> 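Take this structure, written in structure tokens, and hold onto it; I'll ask about it next.
Quick note: numbers below take in every heavy atom, side chains included, and nothing from hydrogens, waters or symmetry partners. Here the structure is a predicted model, which is why all the values come from computation and not from measurement.
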Amino acid sequence: MPIAPASFHCRIENNRYAVSTHVDEVTAEPRLSARGLGFNIPSWRVDGMDPLAVHLAMTEAVAHMRSGAGPTIVEADVYRYFHQNGPFPGSAFGYRTKAEEQEWRARDPLARLAERLVARGILGADDVEAATERAKELMASIGDEILEADPQGKPGQRRIKPGEWPDPAFRDVGVRGDLGEFTGARIADRDTFTGRTDRRKFIDVVSEVMRRRMDVDPVVVLGEDVHRLKGGTNGATRGLAEAHPDRVLGTPISENAFTGLACGIALDGRYTPVVELMYADFMWVAADQIFNQIGKARHMFGGDSDVPLVLRSKVAMGTGYGSQHSMDPAGIFATAPGWRIVAPSTPFDYVGLMNSALRCKDPVVVIEHVDLYGSVGEGPVDDFDYCLPVGKAAVRRTGSDITVLTYLAMTGYALDAVERLGTVDAEVIDLRWLDRASIDWETIGASIRKTNNVLIAEQGPPGTSYGSWLADEIQRRFFDWLDQPVQRVHGAEASPSISKVLERAAIAQTDEVVDRLKNITGR
């Protein structure tokens with residue numbers, strides 16, 4: 001399923017000001033359309049106050065795109081009569097003059113259009129006046145529909161009719177979808193899966209399930225080096241560029257740009273974008289797109305706009321890549337509305353969770369861990385079409401003394417700790433789904449009512465941790481069943497450094513879980 005030639009259009013309305021800062025103050029090239037030339041994109045700069053000039057420029061740009069020649073940019077020079085918001089002109093705040101505003105007012109595009117229509121004999125002066133009056137009457141009638149006299153205001157002051165305000169109950173509508181897209185989906189977990197399984201390397205199933213989805217579904221992969229190095233820096237996209245060269249887009253080092261592009265692809269709806277951020281720390285470069293755009297889009301547009309986007313990224317603690325390549329983003333995403341979060345810890349789970357993520361109409365971040373890439377576990381051999389159920393955790397070990405809640409590579413470390421200690425009958429739960437809407441409170445609650453003790457185990461630092469959010473939720477939901485406050489294992493305050501010694505000291509693994517279990521149980 002090839003992607004059609006790029007023929008998108010970028011329109012820049014250059015009104016010269018940010019809030020109060022003029023474009024000439026911030027760049028030596030105030031023609032914003034000049035940026036397009038750096039990408040070999042044909043660009044127009046036009047007087048945006050002249051409707052005829054805009055029409056001619058847009059006609060040329062549209063003809064260029066319809067011929068299949070690629071994208072275009074049109075920059076329209078316009079003017080913002082008022083301040084950034086409110087009814088006052090910019091001159092009232094002192095950053096521009098009344099003379100400047102009057103000069104631009106004299107070039108009002110509506111007046112200029114009327115002048116041209118009269119000059120060409122298309123309309124008469126009376127026609128222009130009549131059209132203006134009809135427009136004023138229409139605006140007044142609209143005002144009458146939504147406004148009424150303010151009983152508390154001054155004479156002539158009006159207010160919005162109470163019935164026109166939104167219902168406060170609509171507050172959280174549309175934060176995420178209702179998962180209706182999973183109706184009819186093939187759902188399977190390890191106990192119901194009927195396909196053939198074998199010992200599989202984790203990183204191999206990462207690329208294999210993506211290859212399967214690209215073979216049958218309109219999936220696009222974007223990211224740095226995803227088309228090279230035999231599957232990117234870790235092999236996660238191995239073979240995809242060869243199989244689907246038109247849908248594996250190796251990008252510049254520009255996380256904010258290609259993440260924003262993926263947002264547009266998702267909202268368009270014809271393709272499902274899979275964005276790879278090489279390390280989770282790089283999400284900060286794309287934070288505006290991730291949190292202000294992608295995560296909020298469905299809610300901002302009334303809940304009616306699907307945002308089917310998958311963001312893959314990895315935790316690289318323990319690899320020696322240093323502080324800027326090691327963070328666990330789960331805690332940040334858990335506090336960001338709109339996102340669903342999956343954290344697979346086995347090859348089998350990765351396939352099912354990725355399929356669920358790609359089927360979901362909400363944005364989903366798939367968090368991976370480099371410790372798992374080289375690991376071997378049970379996984380599918382030739383069946384890559386099942387979905388793991390949304391919002392279902394996995395009990396990796398049953399027990400009665402304490403509930404250990406964990407995810408990603410820490411699941412294995414927690415299981416190792418329990419076996420090494422040998423004196424604590426811990427129930428270890430691999431959360432798998434981490435977001436507020438998808439976390440499996442049923443499984444967690446059943447375990448807490450049995451053990452009356454909780455330990456949350458994660459690798460990352462306490463400041464941006466997932467465990468702090470989860471502990472707060474648990475203590476409010478299950479306070480009556482807890483014999484003591486929720487306990488935690490986490491890393492140090494500082495991010496892991498490049499020194500092997502200091503890096504190990506900054507993260508939590510098996511030893512830290514063992515020590516905490518001893519401290520809690522006294523065994």
> How about Y350 and E368: does a side-chain donor come under 3.5 Å of a side-chain acceptor?
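There is such a pair (donor and acceptor under 3.5 Å, judged by atom type) between the side chains of Y350 and E368.
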
> Evaluate side-chain contact (heavy atoms from CB on, under 4.5 Å) for Y466 paired with Y407, printing each intermediate quantity in order.
CA-CA 10 Å; Y466 178 75; Y407 60 95; 3.6 Å; yes

> Is the shortest side-chain N to carboxylate O distance from K392 to E442 below 4.0 Å?
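No salt bridge links K392 with E442.
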
> Under a 3.5 Å distance rule, please check whether S326 uses its side chain to pair with a backbone N or O of G322 as donor and acceptor.
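Between the backbone of G322 and the side chain of S326 there is a qualifying donor-acceptor contact (under 3.5 Å).
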
> Distance from W44 atom CH2 to T72 atom OG1, nearest 0.5 Å?
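That separation rounds to 5.5 Å.
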
> Applying salt bridge (charged side-chain N to carboxylate O under 4.0 Å, His left out), can you list everything that pairs with D144, at least two apart in sequence or on another chain?
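Salt bridge (charged side-chain N to carboxylate O under 4.0 Å, His left out) list for D144, sorted by chain: R158.
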
> Is there a side-chain contact between I294 and W339 (heavy atoms, below 4.5 Å)?
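When only atoms from C-beta onward are counted, W339 and I294 do touch, with a gap below 4.5 Å.
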
> Please report the closest heavy-atom contact between A114 and V128, naming both atoms and the distance.
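Smallest interatomic distance, heavy atoms only, reads CB-CG1, 3.8 Å.
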
> Of all heavy-atom pairs between A316 and E503, which one has the smallest distance, and what is that distance?
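Taking A316 first and E503 second, the nearest heavy atoms are O-OE2, 4.4 Å.
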
> Only one of L240, V274, V310, L358 forms a side-chain contact (heavy atoms from CB on, under 4.5 Å) with R213, so which one is it?
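Testing R213 for a side-chain contact (heavy atoms from CB on, under 4.5 Å) against L240, V274, V310, L358 leaves exactly one candidate, L358.
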
> Regarding K296 and the six-membered ring of F291, is the cationic atom NZ or CZ under 6.0 Å from the ring centre and inside 45° of its axis?
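Cation-pi check for K296 and F291: fails.
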
> Show the numbers, then the answer: is there a side-chain contact (heavy atoms from CB on, under 4.5 Å) between R105 and Y81?
CA-CA 8 Å; R105 280 285 188 183; Y81 292 137; 3.5 Å; yes

> Start with the C-alpha distance between V454 and I444, add both sets of side-chain angles, then the distance that settles side-chain contact (heavy atoms from CB on, under 4.5 Å), and finish with yes or no.
CA-CA 10 Å; V454 178; I444 293 171; over 6 Å; no

> Determine whether L431 and L405 make a side-chain contact, defined as any pair of heavy atoms from C-beta on separated by less than 4.5 Å.
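Yes, close enough: below the 4.5 Å cut-off.
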
> Counting only N and O atoms by type, is there a donor-acceptor contact under 3.5 Å from the side chain of N15 to the main-chain atoms of R80?
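No, N15 side chain to R80 backbone: no donor-acceptor pair under 3.5 Å.
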
> Mind jotting down which residue pairs meet the ring pair (Phe, Tyr, Trp, His ring centres under 6.0 Å) criterion with at least one end in residues 86-118? Sequence neighbours excluded, please.
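Pairs touching residues 86-118 that pass the test: Y17-Y95, Y79-W104, H83-F93, H83-Y95.
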
> Scan for side chain to side chain donor-acceptor pair (under 3.5 Å) pairs involving residues 165-177, sequence neighbours excluded, and state none if there are none.
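Non-adjacent pairs meeting side chain to side chain donor-acceptor pair (under 3.5 Å): zero.
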
> I need the full list of salt bridge (charged side-chain N to carboxylate O under 4.0 Å, His left out) pairs touching residues 272-293, with sequence neighbours left out, sorted by first then second residue.
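The answer is E276-R312.
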
> Salt bridge or not between E145 and K161? Use side-chain N to carboxylate O under 4.0 Å.
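Salt bridge between E145 and K161, a charged N being under 4.0 Å from a carboxylate O: no.
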
> Who are the side-chain hydrogen bond (donor to acceptor under 3.5 Å, both in side chains) partners of H369, not counting sequence neighbours?
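Only Q459 meet the side-chain hydrogen bond (donor to acceptor under 3.5 Å, both in side chains) criterion with H369.
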
> Is a donor on one side and an acceptor on the other found under 3.5 Å between the side chain of N234 and the backbone of A236?
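It does not hold such a pair.
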
> Within a strict 4.5 Å, meaning less than it, do heavy atoms of the D362 and R298 side chains meet?
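They are in contact (side-chain heavy atoms under 4.5 Å apart), so the answer is yes.
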
> Ignoring hydrogens and geometry, is there a side-chain-to-backbone donor-acceptor pair from Q157 to K154 under 3.5 Å?
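Indeed, once roles are kept as given, a pair shorter than 3.5 Å links the two residues.
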
> Just wondering, do E473 and W441 contact through their side chains at under 4.5 Å, heavy atoms?
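Yes; the side chains approach each other to less than 4.5 Å.
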
> State the CG-CE distance between D328 and M317, to the nearest 0.5 angstrom.
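If I round to the nearest 0.5 Å, the distance is 5.5 Å.
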
> Yes or no on salt bridge (charged side-chain N to carboxylate O under 4.0 Å, His left out) for R116 and D50, after CA distance, side-chain angles and deciding distance?
CA-CA 10 Å; R116 293 199 181 209; D50 185 341; 2.8 Å; yes

> Considering non-hydrogen atoms only, spot the tightest contact between S497 and S323 and give its length.
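S497 and S323 have their closest heavy atoms at CA-OG, 4.0 Å.
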
> Going by atom types alone, do S438 and R432 pair a side-chain donor with an acceptor below 3.5 Å?
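Side-chain D/A pair, S438 to R432: absent.
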
> Do other residues, nucleotides or ligands put more than 12 heavy atoms under 6.0 Å from the CD atom of Q324?
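No, CD of Q324 has 12 or fewer neighbouring heavy atoms, counting only those of other groups under 6.0 Å.
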
> Using a 3.5 Å distance criterion without hydrogens, assess whether the side chain of T27 forms a donor-acceptor pair with backbone atoms of E25.
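Checked: no pair found.
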
> Holding to side-chain contact (heavy atoms from CB on, under 4.5 Å), I want the full list of residues that pass it with A185, two or more places apart in sequence or in another chain.
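Counting only residues at least two positions away or on another chain, A185 forms a side-chain contact (heavy atoms from CB on, under 4.5 Å) with F182, I187, R359.
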
> Taking 4.0 angstrom as the limit, do R107 and D47 come out as a salt bridge?
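Here R107 pairs with D47 in a salt bridge, since their nearest N and O are under 4.0 Å apart.
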
> Keeping S356 on the side-chain end and L388 on the backbone end, is there a donor-acceptor pair under 3.5 Å?
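Yes, because the side chain of S356 sits within donor-acceptor range (under 3.5 Å) of the backbone of L388.
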
> For the residue pair P308 and T272, what are the closest heavy atoms and their distance?
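That closest heavy-atom pairing would be O-CG2, 3.5 Å.
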
> Please, which pairs that meet side chain to side chain donor-acceptor pair (under 3.5 Å) have at least one residue in residues 127-143, sequence neighbours excluded?
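Not a single pair qualifies under side chain to side chain donor-acceptor pair (under 3.5 Å).
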
> Given the rule in the side-chain contact (heavy atoms from CB on, under 4.5 Å) test, do L434 and I439 qualify, once you have shown the distances and angles that lead to the verdict?
CA-CA 5 Å; L434 307 183; I439 195 165; 6.0 Å; no

> Can a donor-acceptor pair be found, under 3.5 Å and without considering hydrogens, that links the side chain of K361 to the backbone of E181?
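Here the side-chain-to-backbone pair does not exist.
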
> Answer whether the closest heavy-atom distance between the side chains of L147 and I160 falls below 4.5 Å.
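Side chain of L147 against side chain of I160, heavy atoms only: contact under 4.5 Å found.
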
> Do any N or O atoms from the side chain of Q475 and from the backbone of D472 form a donor-acceptor pair under 3.5 angstrom?
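Not confirmed, Q475 side chain does not pair with D472 backbone.
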
> For E458 and R488, what are the C-alpha separation, side-chain angles and deciding distance, and is it a salt bridge (charged side-chain N to carboxylate O under 4.0 Å, His left out)?
CA-CA 8 Å; E458 61 184 332; R488 294 177 56 203; 3.1 Å; yes

> For S67 and H64, indicate whether the former's side chain and the latter's backbone hold a donor-acceptor pair under 3.5 Å.
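Yes, because the side chain of S67 sits within donor-acceptor range (under 3.5 Å) of the backbone of H64.
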
> So do the side chains of V342 and I367 get within less than 4.5 Å of each other, counting heavy atoms only?
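Not in contact.
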
> E75: which residues meet the side-chain contact (heavy atoms from CB on, under 4.5 Å) condition with it, sequence neighbours left out?
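Result, side-chain contact (heavy atoms from CB on, under 4.5 Å) vs E75: I12, N14, R31, L32, S33, R45, D77.
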
> Using every non-hydrogen atom in the two residues, find where S91 and K98 come nearest and quote the distance to one decimal.
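Here S91 and K98 meet closest at OG-CG, 3.7 Å.
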
> For residues 87-97, pull every pair meeting salt bridge (charged side-chain N to carboxylate O under 4.0 Å, His left out), keeping only residues two or more places apart or in separate chains.
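For residues 87-97: R96-E101.
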
> For P51, check side-chain contact (heavy atoms from CB on, under 4.5 Å) against everything at least two apart and list the hits.
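side-chain contact (heavy atoms from CB on, under 4.5 Å) list for P51, sorted by chain: P109, L113.
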
> Among all residues two or more places apart in sequence or in another chain, which pass the side-chain contact (heavy atoms from CB on, under 4.5 Å) test with R159?
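By the side-chain contact (heavy atoms from CB on, under 4.5 Å) rule, R159 matches E148, D150, P151, P162.
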
> Could you tell me if the side chain of V46 sits less than 4.5 Å from the side chain of V74, heavy atoms only?
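The answer is yes; the side chains approach within 4.5 Å.
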
> Surrounding CZ of R477 (heavy atoms of other residues, nucleotides or ligands, distance under 6.0 Å), is the total greater than 12?
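Counting neighbours around CZ of R477, more than 12 heavy atoms of other residues, nucleotides or ligands fall under 6.0 Å, so yes.
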
> Closest heavy-atom contact between G491 and P462?
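Minimum heavy-atom separation between G491 and P462: O-CD, 3.4 Å.
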
> I'd like to know if the side chain of T443 reaches the main chain of D440, judged simply by a donor and an acceptor atom lying under 3.5 Å from each other, with no hydrogens or angles considered.
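It does not hold such a pair.
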
> I'd like a table of donor-acceptor pairs (distance under 3.5 Å, sequence neighbours excluded) in which one partner is a side-chain atom from residues 249-265, with atom names and distances.
{"from": "T251", "atom 1": "OG1", "to": "G223", "atom 2": "O", "distance (Å)": "3.4"}
{"from": "T251", "atom 1": "OG1", "to": "E224", "atom 2": "N", "distance (Å)": "3.4"}
{"from": "S254", "atom 1": "OG", "to": "P252", "atom 2": "O", "distance (Å)": "3.3"}
{"from": "T259", "atom 1": "OG1", "to": "E255", "atom 2": "O", "distance (Å)": "2.7"}

